There are 2 protein chains.
Amino acid sequence: MFAGEGGPRDGHSMVKRSETSARLDDAARAGWLYYVAGRTQDEIASAMGISRQSAQRLVSLAVAERLIKVRLDHPIAACLELADAVRKKYGLRQVEVVPSDPGAGVATVGIAEAAAAEIERWLKKPDPIVLAVGTGRTLKAAVDQLPAIECINHRIVSLTGNITPDGSAAYYNVIFSMADAVKARHFPMPLPVLVTSAEERETLHAQQLVRSTIEMSAQANVTFVGIGELGIDGPLCLDGFLEKDEMMELMRSGAVGEICGWVFDSEGRLLDNPINERVASAPIPSREASVVIGIGKGKRKMKAIRAAVVGHQINGLITDEEVAEYLLKA
Amino acid sequence: MFAGEGGPRDGHSMVKRSETSARLDDAARAGWLYYVAGRTQDEIASAMGISRQSAQRLVSLAVAERLIKVRLDHPIAACLELADAVRKKYGLRQVEVVPSDPGAGVATVGIAEAAAAEIERWLKKPDPIVLAVGTGRTLKAAVDQLPAIECINHRIVSLTGNITPDGSAAYYNVIFSMADAVKARHFPMPLPVLVTSAEERETLHAQQLVRSTIEMSAQANVTFVGIGELGIDGPLCLDGFLEKDEMMELMRSGAVGEICGWVFDSEGRLLDNPINERVASAPIPSREASVVIGIGKGKRKMKAIRAAVVGHQINGLITDEEVAEYLLKA
DNA sequence: CGCGAGGATGAGTAATTGCCCATGAGCAAA
DNA sequence: TTTGCTCATGGGCAATTACTCATCCTCGCG
């Protein structure tokens with residue numbers, strides 16, 4: 001009698017433990033049958049002599065206990081992981097990472113296609129949207145990848161002017177390239193990118209046509225902007241908007257990047273300086289109420305991209321592995 | 001014109017290829033979102049700008065193309081893989097593999113519990129079944145693991161006699177142990193295991209009680225039998241059914257194992273010899289119409305188990321990793 | 001010995017997924 | 001150009017899965 005009673009009692013905690021472990025064993029079994037052998041939960045239930053609900057619980061237990069490991073055997077797996085990590089770390093709405101592909105010579109391989117696909121996704125939406133575009137070589141390359149789309153319900157508006165300092169049309173104003181491929185109403189900004197003074201900007205912005213375009217851009221549902229780095233071979237210098245000494249001065253004051261000409265420091269704050277006073281671009285649309293996707297990749301843009309992200313100049317990002325890894329370490 | 005026409009033509013296969021590859025990329029993306037990120041196919045569809053059905057197709061494509069690899073992080077994963085492989089290789093109905101666990105001293109650790117669980121599964125079925133049991137130490141250990149079950153609809157019948165050569169009750173006749181735990185109608189076989197001659201067997205089998213029990217055993221829905229190895233420390237000798245010289249003679253004639261006393265060769269064929277003529281056990285129930293589960297593990301039983309499997313003496317197996325690996329190599 | 005907390009269970013139901021089919025686009029051969 | 005073929009697409013529906021809730025059981029505690 002003593003032994004009989006003592007046995008079960010002593011065994012109690014052991015039973016507890018072995019029951020927990022047995023439950024995990026069962027969960028593993030069920031998970032294996034479900035994920036590896038491809039059985040249905042009904043089959044598992046009858047095979048294990050339990051109810052379908054219990055089988056379901058075991059399967060989800062196996063998942064919850066991380067007994068089931070899933071991995072993706074494909075080059076983009078790493079990109080997707082990186083994208084998700086970056087999105088979480090910086091609280092971005094969406095992030096896309098493309099392979100860095102150091103072998104390819106062209107600077108915009110991959111990212112242009114990815115950005116084009118994203119633009120296309122928005123343009124395929126049935127409900128009318130306002131899509132705003134900034135400027136930049138990467139963005140231009142993306143737009144050049146767009147297939148012919150007809151979407152007469154959408155409106156496409158440019159955030160930046162289309163006239164360079166020398167009076168010619170700015171090549172990298174992408175809205176005209178876009179108009180070639182996309183059948184939609186386009187609204188360019190009939191302004192220089194940089195004007196000579198804050199006062200001139202006021203005057204120009206007061207024009208009816210300009211004002212309505214700027215107002216429309218503020219209503220954008222989604223915005224695509226290039227992220228530019230500063231430097232004497234950065235786009236602002238290359239395209240003749242700034243002279244070398246202006247650039248040097250700008251960089252001394254802490255500027256690390258620009259979006260649509262708006263220059264910001266390493267924390268993504270727009271600088272309060274003469275250059276930004278002369279930028280004639282429309283303000284970047286709300287990052288609270290709309291999606292603003294920055295596009296950029298490569299070592300030279302790393303600091304600019306990080307700044308744009310932490311300063312919430314953008315809430316979406318399309319970049320490459322290299323930059324994504326930098327953003328995770330930074 | 002020539003260039004214009006040639007371009008697209010030359011580009012054709014390239015476009016084809018890149019489209020295939022792009023489709024795989026999409027499949028990988030969808031698969032990742034589904035399996036790793038845990039999104040629903042609806043979410044994936046709207047995120048990728050496609051219909052739900054297309055998302056579903058991409059996900060299943062990812063699986064079909066083996067982009068998604070699932071593995072189970074649990075000790076029994078290997079057992080399940082082995083079991084499945086053995087089941088497929090030998091066309092068995094069901095196979096269960098338990099860890100070999102070389103550290104444990106007791107020979108029946110693991111397999112007894114597994115067999116008990118399997119017996120319990122059958123006994124829990126609501127529809128009335130006939131469950132037949134053979135003999136053997138392993139089976140006895142399994143039955144001793146059974147909890148108290150009440151299943152008055154089921155019938156449990158023994159395939160083997162319960163009297164040893166010296167006239168005492170055979171300890172390893174498991175039906176009495178089973179009766180202790182399981183509330184069901186039990187039908188022991190009131191016979192010796194081995195009789196002195198084929199004629200005596202005829203006489204005994206002609207008895208009404210014996211005949212009806214044997215007939216019932218032929219109707220068994222499921223049968224659990226131990227698989228015994230031959231040898232001077234095999235169960236037939238240990239329990240005094242055979243003398244050493246009889247055993248040596250048997251092994252010389254090619255016998256490698258026994259089930260319920262029925263001795264078979266390395267291909268699982270029942271031997272046509274004096275011993276089998278004296279076995280008083282009921283025939284093993286049909287492997288076509290019912291489930292006959294053999295139980296056994298360990299190096300010493302390997303050959304016997306392989307023979308039982310290839311000779312279709314059984315169509316179900318509960319064994320350990322060691323034997324399963326041997327069966328896969330053999 | 002009764003009582004409440006915690007956990008497992010199964011029923012029912014909502015959500016999700018898998019599959020079939022009609023449709024139409026794209027392409028090659030006639 | 002027409003015809004026939006292939007294949008991707010989305011609608012619709014059935015199967016499968018996930019979740020919620022009420023209930024039951026067990027265990028610990030007073």
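Keep in mind that this is a model prediction, so the values were computed, not measured.
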Open item on the list: So if I define the base as every atom that isn't primed, P, OP1 or OP2, how would nucleotides 13-18 of chain D read as a B/S/- string at a heavy-atom cutoff under 4.0 Å?
Closed with: ----BB

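Rounded to an integer number of Å, the gap from CG of B/Leu61 to C1' of C/dC19 is 16 Å. Spacing between atom CG of A/Asp26 and atom C1' of C/dT9 amounts to 15 Å, rounded to whole angstrom units. Atoms CG (B/Leu58) and C1' (C/dC19) sit 16 Å apart, rounded to a whole Å. Going from atom CE of B/Met48 over to atom P of D/dG10 covers 13 Å, rounded to whole Å.
Taking the ring centre of A/Trp122 as origin, the terminal cationic atom of A/Lys125 falls inside the region bounded by 6.0 Å and 45° from the ring axis.
Using modelled atom types, one finds no donor on one side chain facing an acceptor on the other under 3.5 Å when comparing A/Gln53 with A/Gln41.
Side chain of A/Asn315 to main chain of A/Arg287: a donor-acceptor pair is present (N/O by atom type, distance under 3.5 Å, no hydrogens or angles).
Proximity of A/Ser51 to the phosphate of C/dG10: a side-chain N or O atom is located under 4.0 Å from OP1 or OP2.
Under the side-chain contact (heavy atoms from CB on, under 4.5 Å) rule, B/Phe224 has a single partner from B/Ile314, B/Leu139, B/Val143, B/Thr138, which is B/Leu139. The side-chain contact (heavy atoms from CB on, under 4.5 Å) test with B/Leu317 is passed by exactly one of B/Ile293, B/Val292, B/Leu92: B/Leu92.
The base of C/dG10 sits within donor-acceptor range of the side chain of A/Arg57, with an N or O pair under 3.5 Å. No hydrogens or angles were tested; on distance alone, nothing pairs the side chain of B/Gln53 with the base of C/dG18 as donor and acceptor under 3.5 Å.
Note that the CZ atom of B/Arg155 and the NE2 atom of B/His186 stand 13.0 Å from one another [nearest 0.5 Å].
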